[in-house]
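Presented below is the structure to which this report refers.
We number each residue from 1, following the sequence as shown.
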Amino acid sequence: MKRLSLLATLLLAGSPLAAAPAAPQTVAKADIPREWIDPDTGHRIVRLSDEPGSSSLYFNYNGYTPQGDKLLITVPEGIATVDLKTRKLTVIVRIATPFRMLFTGHRTRSVYYITMPQKADAAKTVYAADVDTGRTRKIADVTHGEIQTINADETLLGGVETDPGAASASLAYFQKRDTRYDQADYKATGPDGKPLTYAEAKETRMNERLEAKIPMTMFTIDTKTGARKAVYSSTDWLNHLQFSPTDPGLLMFCHEGPWHKVDRLWTIRTDQPGAKPVSIHHRTMNMEIAGHEWFSHDGKTIWYDLQTPRGEDFWVAGYEIATGKRTWYHLQRNEWSVHYHSSPDGTLFSGDGGDNEMVAHAPDGKWMYLFRPQTIPDVAGIKAPNAESLIKPGFFKAEKLVNMSKQDYRLEPNGNFTPDGKWLVFRSNMFGGTQVFAVELAKAK
């Protein structure tokens with residue numbers, strides 16, 4: 001099969017380049033284990049959710065309270081907390097209308113969500129709910145665009161708006177979603193008139209959307225006043241907004257599209273009028289790709305998936321914001337993952353694997369991984385004169401945590417570390433409907 005590039009995150013949530021396999025066989029609720037030891041890895045796995053249709057957040061969205069005691073997830077009734085010590089699940093907000101949980105605040109014990117009206121021209125509304133009491137308060141109406149992030153002190157929401165007057169057939173493929181997999185709905189035919197595979201159709205639609213050059217604007221909304229302010233406008237496809245978890249004025253975003261066509265990673269200051277975007281990674285090789293970026297928990301480093309070129313050589317790359325210094329950790333083909341993440345203390349990384357139709361074409365890649373970064377020292381302690389200005393190389397020592405052979409990777413696992421750094425939370429359809437699980441990093445005794 002033709003080798004395909006890994007594509008960027010779609011509007012609001014990423015999705016893998018995978019062929020469309022049959023949906024996982026649904027397992028009777030009584031037969032879904034609450035806890036077990038993975039026989040292939042020796043690690044303990046627990047199910048945090050109570051029923052199918054539950055989900056944790058996308059990998060770069062915060063789902064934990066500032067104190068690190070609770071995880072917020074969606075359940076069929078609305079939004080629930082999971083006590084990370086007792087694993088008790090409590091529904092705190094019951095929501096009868098379509099909604100989307102956005103993120104949990106970095107400063108307050110608030111979870112933010114947005115209601116999704118049935119009429120296309122109706123305003124969406126952002127609410128915040130108190131994690132302990134469930135009391136809700138209205139934050140702002142969103143007449144146009146999508147909210148994707150909140151800043152470190154919870155004073156600003158960040159979002160992106162597509163010109164409401166723009167008409168493009170390519171937009172339709174990103175507005176209709178298959179909720180089973182949190183995916184946009186792609187269909188396309190090739191030059192021969194035959195239907196393309198899921199992966200090929202996705203690449204075609206992504207490229208069409210990029211080439212449409214639809215005007216877009218990034219904006220902020222003041223969480224106290226509701227005041228809306230434009231930050232940056234472009235006919236490039238703007239997406240994947242992320243405020244720094246520690247710097248309230250630093251916003252990261254991407255130029256969306258097929259990764260080998262765009263320089264994806266950018267930052268901009270929202271607290272400096274007239275600030276210009278700053279490129280974080282500039283491609284130097286044809287078919288080099290970089291993306292699925294995230295901030296370290298201390299906000300000092302931007303990490304991302306890097307391939308030089310795509311599908312051949314795999315890295316997790318880091319950019320130190322204050323100094324511009326770069327670190328690259330190398331991975332093997334089977335260890336490549338749709339998304340990576342870093343532990344709260346920055347000493348560990350995780351990966352959620354991928355199936356064999358994805359960019360790495362890994363023959364054995366369907367695992368949840370724990371990575372321990374290893375540096376490559378100077379030989380005999382002898383440094384090159386310009387060593388400090390060069391990329392610092394290293395590699396990952398991988399450990400398999402969960403066998404994901406039954407995962408349909410149209411649903412991305414999106415692993416993330418718990419605040420105490422002892423567990424990795426992920427979502428999975430290995431038993432049919434989507435549920436939330438956690439795997440313990442220490443091996444079971």
Inset, instruction - Please test Trp423 against Val46 for side chain to side chain contact (heavy atoms under 4.5 Å, CB included), starting from the C-alpha separation and ending with a verdict. - result: CA-CA 10 Å; Trp423 296 78; Val46 299; 3.9 Å; yes

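- Shown here is Lys213, whose NZ atom has more than 12 heavy atoms of other residues, nucleotides or ligands within 6.0 Å.
- A donor-acceptor distance shorter than 3.5 angstrom exists from the side chain of Asn151 to the backbone of Leu156, with no hydrogens or angles considered.
- Between Tyr340 and Phe349, the ring centre distance reaches or exceeds 6.0 Å.
- The structure places CE of Met368 at 7.0 Å from CG of Leu401, a figure rounded to the nearest 0.5 Å.
- Using a 4.5 Å heavy-atom threshold, the side chains of Phe371 and Tyr329 count as separate.
- For the pair Arg310 and Trp259, the NZ or CZ position fails the cation-pi test of under 6.0 Å to the six-membered ring centre and within 45 degrees of the ring normal.
- Across Asp222, Leu157, Val142, Thr220, a single residue satisfies side chain to side chain contact (heavy atoms under 4.5 Å, CB included) together with Arg228, and that is Val142.
- Side-chain contact of Trp336 with Asp305: a donor-acceptor pair under 3.5 Å is present, judged by distance alone.
- Annotation: the span from Thr74 atom OG1 to Arg100 atom CZ amounts to 11.0 Å, rounded to 0.5 Å.
- The CG atom of Leu331 lies 9.5 Å from the CG atom of Asp313; values are rounded to the nearest 0.5 Å.
- A donor-acceptor pair is defined here as one N or O able to donate and one able to accept, closer than 3.5 Å; such a pair exists between the side chain of Thr149 and the backbone of Phe243.
- Applying the side-chain hydrogen bond (donor to acceptor under 3.5 Å, both in side chains) test between Glu288 and each of His260, His282, His281 identifies His281 as the sole match.
- A centroid separation of 6.0 Å or more is found between the aromatic rings of His144 and Phe219.
- Pairs passing the salt bridge (Lys or Arg N to Asp or Glu O under 4.0 Å) check and including a residue from residues 387-398, sequence neighbours excluded, read Lys325-Glu388, Lys383-Glu388.
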Inset, instruction - Evaluate side chain to side chain contact (heavy atoms under 4.5 Å, CB included) for Asp364 paired with Lys400, printing each intermediate quantity in order. - result: CA-CA 11 Å; Asp364 184 26; Lys400 293 175 179 177; 3.4 Å; yes

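- The aromatic ring centres of His341 and His297 sit less than 6.0 Å apart.
- Atom OG1 of Thr308 sits about 9.0 Å away from atom CZ of Phe314, to the nearest 0.5 Å.
- Under the 4.5 Å side-chain criterion, counting only non-hydrogen atoms from C-beta, Val338 is not in contact with Phe59.
- The side-chain heavy atoms of Val111 and Thr104, taken from C-beta on, include a pair separated by under 4.5 Å.
- Interatomic distance, CG of Asp408 versus CE of Met430, reported as 12.5 Å (0.5 Å rounding).
- Glu293 and Asn60 share no donor-acceptor pair across their side chains, judged by distance under 3.5 Å alone.
- Checking Ser55 against Arg427 by side-chain atom types alone, a donor-acceptor pair falls below 3.5 Å.
- Under 3.5 Å, the side chains of Gln407 and Ser428 contain a donor-acceptor pair of N or O atoms.
- With hydrogens and angles disregarded, no donor-acceptor distance shorter than 3.5 Å links the side chain of Glu312 to the backbone of Pro309.
- Here Tyr112 contributes atom OH and Ile150 contributes atom CD1; the two are 3.5 Å apart, rounded to the nearest 0.5 Å.
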